[in-house]
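Presented below is the structure to which this report refers.
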Amino acid sequence: MVRVLDWLGQFPGETWQDRWLLSGSDAVGKQWGPPGLTQSQRCRLTAGLGTLIVLRALQPSYAWLCGSRLLGVYDAYRRHNQTEAFARLRRQAEGRGGCDEHGAEALNLLTRMVIVTGKDLLELEVEDFEQYAAARRASGRTVASLPFAYEILHAVGGLKDAPPTLRQASAPGQLTPAELVDRYQIAHREIRDVLVYYVAERAAVLDYGSLVNQAHMLAGLFWADLERHRPGISTLHLPDGVAQEWKQRARLLPDGRPRRNSHNVLLAVRSFYLDLLQWSLEDPARWSRWAAPCPISEADVRGYLKETRHRQARMQQRTRTLVPVIPRLVAAAEDRLRQAELVLAAARNTEPGQEFTARGQRYRRTGRATSHWRPTAVFVTPLAEPETRFDAECAESNAFWTWAVIEVLRRTGARIEELLELTHLSLRQYKAPTGELVPLLQISPSKTDHERVIPADPDLVAVLARIIRRIKAPDGKVPLLSRYDGYERIFGPPLPHLFQRVSQHRLQVISPNRVRELLTELAEQADIVDVDGTPLRFTPHDFRRIFSTETVNGGLPIHIAAKVLGHLDLNTTQGYVAVYPEEVIRHYRHFVDQRRAARPSEEYREPTSAEWADFRDHFSLRKVALGTCDRPYGTPCQHEHACVRCPMLRLDIAQVPRLLEIEANTRERLGEAHRMQWLGEVTALKESLRHITEKKKQADRLQQQAELGESGTNALG
């Protein structure tokens, strides 16, 4: 330390901090100090510098601290400075899941902030956290422990008058109408004031997300664009040439591609002009000078209906494309969850460094690390792919929430924000006049501000019950969390949200972006492609369209479907449903009836008693050893009664042991065929084994659905 002081004494300055900055060492990181030092000499000087930091004589920058290895300096600083405050901070970290590596990093980063700012621990402010995060990002490092550090500091009395979480402190709030308009730097002050007043008037009937779009279209895409291309423009009365040029620009993106929502921009500007005209009639003294001919004619917006029909056709075509592959996505989610659960269970029963087997694959458990609000994290390496080390607990969590999201979305048709707003309080029971208890799911108001309640089938109840069992705390209660609404930019009250999981070592409500990422990852892993080989991706709203299509096609009246979906207009529901128009179906049926009338009358005669008996007895022949055959009436067996290969076989779960016997016998015959070189028999037996494997998977799904239904009913009760 004396050698460091002797070297710093060569520089002018009133304090050691001034001399440290004048030396230029703070900007060079590890290579600080006098020139010509060996590595050993530099290490000893660094240790002396650490002592000066503990004594609060020097305050290096974040970049210098993050780039230098100061072993033991942070612990020494906490032992000699604000000892009681740091002790309370450590106890708070331990009380939230143990002072593990994550908790230790939270303590160290708070210590860095105190060192750099020179403030006491309890004097740190939100701005200090923002500066630390910016410095860490500039150095290319993560700030995963920063939210946890914020929360434990807030819990011990720091960050007075600040929100309890860093997310609440740093989340962008709602901007005022003036702030929304001023983002586009309108030069003409009076027109800027008109736009601000108009946006403020629209705020009474629009949600915040729509209000932001309104301000963007009027102030950004309309008037700011005019000022860029026509500097000095000062009137809303646009010459015809100026209006035509702007409309042409509004139809294109900056890169030259067509703007899909160009008609929305034109309609917003047209509404703006027509509203000003109406106001000029009601209050001429104030608004008459702003009344001007609307540059958007009725012909300009006439194509809106055509664009709407094209968009609706694209959505319906997408729905028709995704409906056939939904079973594959559901099966992939179930299989991925089952695999992740088996790997996690086997890994937890294996000591670090040992190998284990799960579903025929070999793994090695490579380490552990404790974490906040969850059991011990388990790291696993597949022996077949040594470079793909992963956290088995994180993989199981991702698989579970992917499965849960898919199941709830496809069984309720809820919007993504409605899904994430589901709470433990959303599950209700209705007692029918017959005395039967009907489970109900209460959907909170979202887009239409209308609350709705939908019946919950046993499968949905089983899924929700499984979610509740997973998220319950040790005291049997669902933790209360505040959810950030990205559309309204506000935090809701603390509620027992169902879709909550550990993220960055803290419980949080799952975000919409994370839901989309989980769906995309599953579709990629399952290799779900279109008929032309194009990869298919799923969004949360796709399940809403698929739900509406399947319910209406299944016979549910469309006005009831509209109530279930929360639509205020039947036309909206019809746009979601990918079915043929009723007129087409009616005319086609009339055409079929005409053709039927022209056919021989013998085909429509009254059946005889013998024919009825033959029809009735036919179904008794459907019963086979492994279950029941579901082929259509009057069709022959195409597989020559080789039922194990037949896709029309409905397997009976009770006959699974018989299926296993058939599999064992087939494998014996396959071995004999290999020995005898009966290549044709080998091919046939391998095909039979492939179908037997599919039947076993079908039996597993049926068994799991039966168990989930039974456990869900018990949990709800």
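- Remark: side-chain polar atoms of Ser482 are paired, donor with acceptor, to backbone N or O of Gly492 under 3.5 angstrom.
- A salt bridge (charged side-chain N to carboxylate O under 4.0 Å, His left out) with Asp335 is found for one member of Arg359, Lys697, Arg328 and no other, namely Arg359.
- Phe491 is linked by a ring-ring contact (aromatic ring centres under 6.0 Å, His included) to Tyr484, counting only residues two or more places apart in sequence or in another chain.
- Using a cut-off of 4.0 Å between Lys/Arg side-chain N and Asp/Glu carboxylate O, Glu418 and Arg483 are scored as not salt-bridged.
- When side chains are defined from C-beta on, Val343 counts as touching Tyr363, because their heavy atoms get closer than 4.5 Å.
- Remark: side-chain polar atoms of Arg365 are paired, donor with acceptor, to backbone N or O of Thr350 under 3.5 angstrom.
- Remark: side-chain polar atoms of Arg259 are paired, donor with acceptor, to backbone N or O of Ala250 under 3.5 angstrom.
- Without hydrogens or angle criteria, Ser426 side chain to Leu422 main chain gives no donor-acceptor distance under 3.5 Å.
- Side-chain N or O atoms of Asp207 include one that pairs as donor or acceptor with a backbone N or O of Ser210 at under 3.5 Å.
- With respect to Arg667 and Glu663, a salt bridge is recorded, a charged nitrogen being found less than 4.0 Å from a carboxylate O.
- Contact annotation: the side chain of Leu519 never approaches that of Thr539 to less than 4.5 Å [non-hydrogen atoms, C-beta and beyond].
- Cation-pi geometry between Arg489 and Tyr208 is not met: the NZ or CZ atom fails to fall both under 6.0 Å from the ring centre and inside 45° of the normal.
- The salt bridge (charged side-chain N to carboxylate O under 4.0 Å, His left out) test with Glu396 singles out one residue from Arg501, Arg338, Arg470, and that residue is Arg470.
- Residues that satisfy the ring-ring contact (aromatic ring centres under 6.0 Å, His included) test with Phe543, not counting sequence neighbours, are absent from this structure.
- At most 12 non-hydrogen atoms from other residues, nucleotides or ligands lie less than 6.0 angstrom from CZ of Arg260.
- Distance alone, capped at 3.5 Å, is enough to place a donor-acceptor pair between the Ser688 side chain and the Ala684 backbone.
- Evaluated for a side chain to side chain donor-acceptor pair (under 3.5 Å) with Asn398, the options Arg336, Glu393, Arg514 yield exactly one hit, Arg514.
- Side-chain atoms of Arg516 and Pro512, non-hydrogen and from C-beta on, do get closer than 4.5 Å to each other.
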